Amino acid sequence: MPDHEIRHRDIHARAVRNTGARLFSLLVLLWLAIGLLAAGQRHYFENSPTNCAGWGTIGVTALAGPLNYVGANPKVDNCTVPQPSP
């Protein structure tokens, strides 16, 4: 097989991998954006969260993404943050 065909196949394989990685990244960002939109619609950002439960609820809502619109309503009720050792 000629050298230029091998190089062409290698370039094509890399382009396909890059396209897949970009598509995956775009889907992840879109998923998180939909989750943050749901958190905004639930007014989680109006009163700034003052504890880890408030921030945790925003986080799990963002991670749930579009699932928020099919019935998921994730919440964090109680969490403890590790304290520094004395």
Side-chain angles (χ1 to χ4, degrees):
M1 186 178 293
D3 226 16
H4 70 280
E5 286 182 29
I6 294 172
R7 274 184 265 146
H8 177 70
R9 191 177 331 144
D10 185 44
I11 290 170
H12 179 69
R14 263 188 273 143
V16 169
R17 278 193 304 267
N18 287 342
T19 301
R22 287 181 181 160
L23 181 61
F24 179 75
S25 298
L26 180 65
L27 289 175
V28 168
L29 287 175
L30 183 62
W31 182 278
L32 292 174
I34 291 171
L36 290 172
L37 178 66
Q41 289 175 337
R42 292 178 180 166
H43 307 287
Y44 291 161
F45 298 115
E46 283 185 3
N47 297 325
S48 182
T50 57
N51 57 21
C52 70
W55 286 108
T57 298
I58 291 172
V60 295
T61 301
L63 288 175
L67 299 177
N68 289 293
Y69 295 102
V70 292
N73 190 11
K75 291 191 183 222
V76 176
D77 292 329
N78 189 10
C79 63
T80 56
V81 178
Q83 299 299 317
S85 50

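Quick caveat: nothing in here was measured; it's all calculated off a predicted structure.
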Q) Above 12 or not: heavy atoms from other molecules or residues under 6.0 Å from CH2 of Trp31? A)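 Yes, because the 6.0 Å sphere around CH2 of Trp31 holds more than 12 heavy atoms from other groups.
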Q.
Run Asp77 and Thr57 through side-chain contact (heavy atoms from CB on, under 4.5 Å) and show every step you take.
A. CA-CA 8 Å; Asp77 292 329; Thr57 298; over 6 Å; no
**Q.** Contact list for residues 22-57, test disulfide (SG to SG under 2.5 Å), sequence neighbours left out
**A.**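 Output for this query lists Cys52-Cys79.
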Q: Might you point out which heavy atoms bring Pro74 and Arg42 nearest each other, and give the distance in Å?
A: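 Nearest heavy atoms, Pro74 then Arg42: CD-NH1, 4.1 Å.
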Q.
Show the nearest heavy-atom pair for residues Phe45 and Leu36, with the distance to one decimal.
A.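 Closest pair (atom of Phe45, atom of Leu36, distance): CE1-O, 3.8 Å.
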Q. Do you reckon Leu29 sits in the same ILVMFWY cluster as Leu63, going by side-chain contacts under 4.5 Å, direct or chained?
A.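 Result: no, two separate clusters.
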Q) In the single-linkage hydrophobic clustering (I, L, V, M, F, W, Y; side-chain heavy atoms under 4.5 Å), do Leu32 and Leu37 co-cluster? A)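 No, it is not one cluster - the side chains of Leu32 and Leu37 are not joined through contacts under 4.5 Å.
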Q.
Holding to side chain to side chain contact (heavy atoms under 4.5 Å, CB included), I want the full list of residues that pass it with Ala38, two or more places apart in sequence or in another chain.
A.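 Testing Ala38 for side chain to side chain contact (heavy atoms under 4.5 Å, CB included), a comparison that skips the adjacent residues, returns Thr61, Asn68, Tyr69.
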